[in-house]
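Below: the structure, in structure tokens.
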Amino acid sequence: MTHKHRIADLLNSESPLEQITVQGWVRTRRDSRDFSFIELNDGSCLANIQVIAEQTIPGFESITLMTTGSAISLRADLIASPGKGQRWELKATRLELLGAAPEDFPLQKKRHSDEFLRTIAHLRPRTNKYGAMFRIRARLAQAIHDFFNSRGVYWIHTPVITGADCEGAGEMFHVTTLDLAKVPLQDSKVNFDKDFFGKEANLTVSGQLSVETFCLSLGKVYTFGPTFRAENSNTSRHIAEFWMVEPEVAFADLNDNMALGQELIKYLVHFVMNNCADDLDLFARFVDPTLMQRLCNIAGEDFPRVSYTDAVSILQQSNHNFVYRPEWGKDLQSEHERFLTEEYFQRPVIVHDYPKQIKAFYMRQNDDDKTVAAMDVLVPSIGEIIGGSQREERLHKLETRIIELGLKPADYWWYLDTRKYGSVQHAGFGMGFERLLMLVTGVSNIRDVIPFPRTPRQLDF
RNA sequence: UCCUCGGUAGCUCAGUCGGUAGAGCGGGUGACUGUUAAUCACCAUGUCGGCGGUUCGAGCCCGUCCCGGGGAGCCA
């Protein structure tokens with residue numbers, strides 16, 4: 001089998017090459033009477049390579065079929081380009097049409113709207129923008145693993161199908177093998193005893209509870225995988241299936257947790273700036289002109305930390321005209337978060353120690369009996385990118401809280417066991433991977449940073 | 001789910017006062033050229049989101065449903 005060259009490697013070549021094989025998809029073609037120029041892309045990088053094909057070479061008879069979108073293979077010499085605009089070009093000695101793209105190929109040599117490209121999500125990675133997006137996505141996912149691996153944090157594969165609702169709230173997707181046309185009933189309720197697991201099953205909304213048990217075994221762990229929320233959310237920041245990074249660290253408190261969140265975000269921002277420069281540049285030029293400034297800002301100084309109580313004071317003392325008046329005890333509204341991160345601090349900000357009545361049962365109660373050791377990392381234009389807390393490690397307090405919220409301790413027996421045996425302070429958080437991608441690329445709709453977005457009433461592809 | 005703005009050619013959009021529809025890009029044909037989203041000439045674009053209503057007549061007005069954008073809530 002002949003060695004096939006990636007266009008990314010060819011464009012970085014130190015010297016000319018003779019008789020190589022290159023394969024890819026035609027982006028555009030410019031014909032002259034005696035020869036044609038082909039802009040070829042193989043997905044290995046943003047840039048195309050220019051191919052020059054003279055009409056005398058074998059395979060040229062198919063040139064008119066090598067339209068935008070067609071797959072071709074060619075033998076060529078890599079030569080210094082005599083034309084302007086590129087260092088290297090391929091002088092083809094043989095052309096072969098592998099897969100034609102008829103004239104109804106929907107991608108054209110012009111800008112398309114994101115809304116249109118979403119309707120052809122199976123083809124959009126062939127555009128510059130989405131090719132860049134999904135290369136960055138792949139690299140960044142790997143960088144997350146590298147970050148944790150290099151710090152001795154173990155990757156735990158938490159289950160996708162679960163029997164308990166981690167948050168004690170939030171809509172979940174049911175998982176069932178029951179025949180929905182004739183659901184078995186008992187006392188006019190669904191008899192899940194007849195279902196696959198013999199009990200009600202759902203898709204996970206978070207791997208947190210699972211990963212907590214593992215941090216109390218392996219010390220530092222994380223989970224990174226898809227999570228599912230059946231909320232009827234119709235916003236540019238929510239999807240029903242998204243990827244979440246959830247580290248959980250034993251012997252760590254809220255301060256350690258905030259430090260880890262900041263370190264992770266800074267590491268990943270540095271990573272894309274250093275390793276995805278070409279793809280990133282596309283977003284900086286065509287999507288968000290303020291992108292590089294923002295990334296430098298994030299990569300720079302520490303994120304300010306402010307308690308929820310102080311944050312509410314800042315909001316109340318500002319002259320900003322909010323639709324919802326900031327008030328202690330109520331959750332921060334989007335407009336409040338945006339004010340804090342975009343106007344007041346003008347950088348990512350960590351808000352911590354929230355009122356316990358607006359937070360989940362597993363968060364550690366503070367001595368003031370009013371707040372819990374929770375923290376959110378808020379970033380400009382996106383809002384919450386990380387939500388986490390130090391966990392309640394005291395068995396009695398945790399049980400009491402579960403009961404207060406109307407949950408059944410029996411459902412959490414295995415979770416409570418971890419507080420019974422060798423319990424220790426620990427903390428963790430969840431970072432939305434798609435929101436990180438939005439932050440890093442400046443793309444404003446979450447549907448455009450995941451290959452095939454799942455949203456209410458939308459399950460194509 | 002709520003508020004709001006939209007849905008017209010393959011794509012991006014215009015369409016005045018209600019009188020059966022237009023541009024650019026893309027596509028086709030030809031010319032020309034080491035071209036760079038090439039250029040020039042010519043040609044064809046259509047269930048005006050669906051259904052119902054008002055009207056002599058609806059892309060335009062009314063009702064309803066579907067889909068999309070922006071915002072809100074929920075959160076990652």
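Below, chain A is the first sequence line, B the second, and so on; all start at residue 1.
A donor-acceptor pair shorter than 3.5 Å cannot be found between the side chains of A/N445 and A/D114. Remark: the A/N234 side chain and the A/N232 side chain contain an N/O donor-acceptor pair separated by less than 3.5 Å.
Classification of A/E171 and A/R229 as a salt-bridged pair fails, no side-chain N sitting under 4.0 Å from a carboxylate O. For A/D279 and A/R135, the salt-bridge test passes: some basic side-chain N is under 4.0 Å from an acidic carboxylate O. Note on A/K266 versus A/E263: no salt bridge recorded, every NZ/NE/NH1/NH2 to OD/OE distance being 4.0 Å or above.
Remark: A/R454 pairs with no residue by the salt bridge (Lys or Arg N to Asp or Glu O under 4.0 Å) rule, at least two apart or across chains. In this structure, A/H174 has no ring pair (Phe, Tyr, Trp, His ring centres under 6.0 Å) partners at least two apart in sequence or on a different chain. For the ring pair (Phe, Tyr, Trp, His ring centres under 6.0 Å) test, residues two or more places apart in sequence or in another chain that qualify with A/H5 are A/H3. In this structure, A/E115 has no salt bridge (Lys or Arg N to Asp or Glu O under 4.0 Å) partners at least two apart in sequence or on a different chain. In this structure A/F345 satisfies the ring pair (Phe, Tyr, Trp, His ring centres under 6.0 Å) test with no other residue, sequence neighbours excluded. Partners of A/K330 under the side-chain contact (heavy atoms from CB on, under 4.5 Å) rule, at least two apart in sequence or in another chain, are A/E327.
Aromatic ring centres of A/Y412 and A/F361: separated by under 6.0 Å. Ring centroid separation for the pair A/H145 and A/F224 comes in under the 6.0 Å cut-off.
Within the 4.0 Å cut-off from OP1 or OP2 of B/G71, at least one side-chain nitrogen or oxygen of A/S236 is found. Listed pair A/S334 / B/G73 meets the phosphate criterion, a side-chain N or O lying under 4.0 Å from OP1 or OP2.
The separation between A/D331 atom CG and B/C74 atom P is 6 Å, rounded to whole Å. Put simply, NE2 on A/H112 is 15 Å from C1' on B/C13, counting in whole angstrom units. We find that CZ of A/F322 is positioned 17 Å from P of B/G71, with the value rounded to whole Å. Atom C1' of nucleotide B/G73 and atom NZ of A/K330 are separated by 14 Å, given to the nearest angstrom. The distance between atom CD of A/E171 and atom P of B/A76, rounded to the nearest whole Å, is 15 Å. Going from atom CD of A/E337 over to atom C1' of B/C75 covers 10 Å, rounded to whole Å. At whole-Å resolution of the value, CG in A/D376 and C1' in B/C74 are 14 Å apart.
If you find the closest nucleotide of RNA chain B to A/E384 and to A/R338, the one lying nearer the 5' end belongs to A/R338.
Residue A/S113 places its side chain closer to B/U12 than to any other of B/U12, B/C75, B/A72. For A/E231, whose side chain is taken as the heavy atoms from C-beta onward, the closest listed nucleotide among B/A76, B/C74, B/U1 is B/C74.
No contact: A/T227 has no heavy atom under 4.0 Å from any strand. Among the protein residues, A/F242 comes within range of the nucleic acid bases, having at least one heavy atom under 4.0 Å from a base atom.
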Could you go through nucleotides 4-9 of chain B and list every protein N or O atom that sits under 3.5 Å from one of its N or O atoms, giving the distance for each pair?
none

Any protein N or O atoms within reach of nucleotides 45-50 of chain B? Criterion: under 3.5 Å, listing atom names and distances.
none

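Proximity of a side-chain donor or acceptor of A/N12 to a complementary backbone N or O of A/A8 within less than 3.5 Å is detected.
Annotation: proximity of residues 442-460 of chain A to RNA chain B (heavy atom, distance under 4.0 Å) is found for A/N445, A/I446, A/R447, A/R457, A/Q458, numbered in ascending order.
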For RNA chain B, the dot-bracket notation using Watson-Crick and G-U wobble pairs below 3.5 Å, [ ] for pseudoknot-type crossings and | for other-strand pairs, is (((((((..((((.....[..)))).(((((.......))))).....(((((..]....))))))))))))....
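Evaluation of the ring-ring contact (aromatic ring centres under 6.0 Å, His included) test over residues 436-461 of chain A, restricted to residues two or more places apart or in two chains, returns A/H122-A/F461, A/F452-A/F461.
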Expected string for nucleotides 24-41 of chain B under the B/S/- scheme (protein heavy atoms, under 4.0 Å, primed atoms plus P, OP1, OP2 as sugar-phosphate) is BBSS-----BBBBBS---
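Nucleotide B/U20 carries a syn base; the chi torsion (O4'-C1'-N9-C4 or O4'-C1'-N1-C2) is within 90° of 0.
Seen from the ring of A/F303, A/R305 does not count as a face-on cation partner, given the 6.0 Å and 45° thresholds.
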